[in-house]
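Here the structure is laid out as structure tokens; the discussion comes afterwards.
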Amino acid sequence: MPRAKRFYIPGCVWHISHRCHKKEFLLKFARDRNRWLDLLFRAKQKYGLEVLNYIVTSNHIHLLVSDNGNRDTIPKSMQVIAGQTAQEYNIRKKR
């Protein structure tokens with residue numbers, strides 16, 4: 001089934017949930033959750049993402065964010081966070 005069309009409305013608050021690959025519990029260790037948070041706040045500084053609230057569980061995350069009026073703020077931030085987290089995890093676990 002195709003994804004629903006997304007509309008960008010600047011300055012809104014967005015709820016984002018992001019699941020681990022294959023619904024696996026890849027964030028079950030504090031080391032991985034803390035690294036994810038570190039990358040979140042680096043993306044916040046780099047792209048101007050406004051983080052209102054978050055929760056990191058063992059297999060998914062929830063973010064409540066607002067952008068800075070730039071439509072690329074949220075996608076670029078999520079790409080950096082997810083990509084870097086996955087790359088570091090895969091290297092460490094030799095996947």
- Contacts satisfying ring-ring contact (aromatic ring centres under 6.0 Å, His included) that involve residues 62-95 (not counting sequence neighbours) are His15-His62, His60-His62
- Residues forming a salt bridge (charged side-chain N to carboxylate O under 4.0 Å, His left out) with Arg92, sequence neighbours excluded: Asp32
- Query: Taking atom CZ of Phe29 as the centre, does the number of heavy atoms from other residues, nucleotides or ligands within less than 6.0 Å exceed 12?
  - Reply: no
- Query: side chain to side chain donor-acceptor pair (under 3.5 Å) with Arg42: which residues, sequence neighbours excluded?
  - Reply: Asp38
- Message: Please list all pairs meeting side chain to side chain donor-acceptor pair (under 3.5 Å) that have one or both residues in residues 72-82, counting only residues at least two apart or in different chains.
- Response: Asn68-Thr73
- Item | Phe25 CZ to Lys28 NZ distance, which is reported to the nearest 0.5 Å | 9.0 Å
- Tyr47: which other cluster members, linking ILVMFWY side chains closer than 4.5 Å, directly or transitively? Val80
- Query: By salt bridge (charged side-chain N to carboxylate O under 4.0 Å, His left out), which residues pair with Arg19, not counting sequence neighbours?
  - Reply: none
- Query: Going by side-chain heavy atoms closer than 4.5 Å, which hydrophobic residues are tied to Leu64, directly or by a chain of links?
  - Reply: Val13, Leu52
- Hydrophobic clusters join Ile, Leu, Val, Met, Phe, Trp and Tyr when side-chain heavy atoms are under 4.5 Å apart, directly or via other members; which others share one with Ile91? none
- First locate atom CD1 of Ile55, then atom CG of Leu63, and finally report the distance between them rounded to the nearest 0.5 Å. 11.0 Å
- Roughly how far, to the nearest 0.5 Å, is CD of Glu50 from OG of Ser66? 4.5 Å
- Message: Distance check, rounded to the nearest 0.5 Å: Lys44 atom NZ versus Leu39 atom CG?
- Response: 14.5 Å
- Residue set satisfying side-chain contact (heavy atoms from CB on, under 4.5 Å) with Val56, at least two apart, ordered chain then number -> Leu27, Arg33, Trp36, Leu37, Tyr54, Ile61
- Item | Qualifying residues under side chain to side chain donor-acceptor pair (under 3.5 Å), relative to Glu88, sequence neighbours excluded | Arg35, Gln84
- Heavy-atom nearest pair, Val51 first then Val65, reads CA-CG1, 4.3 Å
- Nearest 0.5 Å, what's the CG-CG distance between Leu40 and Asn34? 12.0 Å
- Provide the full list of salt bridge (charged side-chain N to carboxylate O under 4.0 Å, His left out) pairs with a residue in residues 55-68, sequence neighbours left out, each pair given once. none
- Mind checking side-chain contact (heavy atoms from CB on, under 4.5 Å) for Lys46 and listing every partner two or more places apart, or none if nothing turns up? none
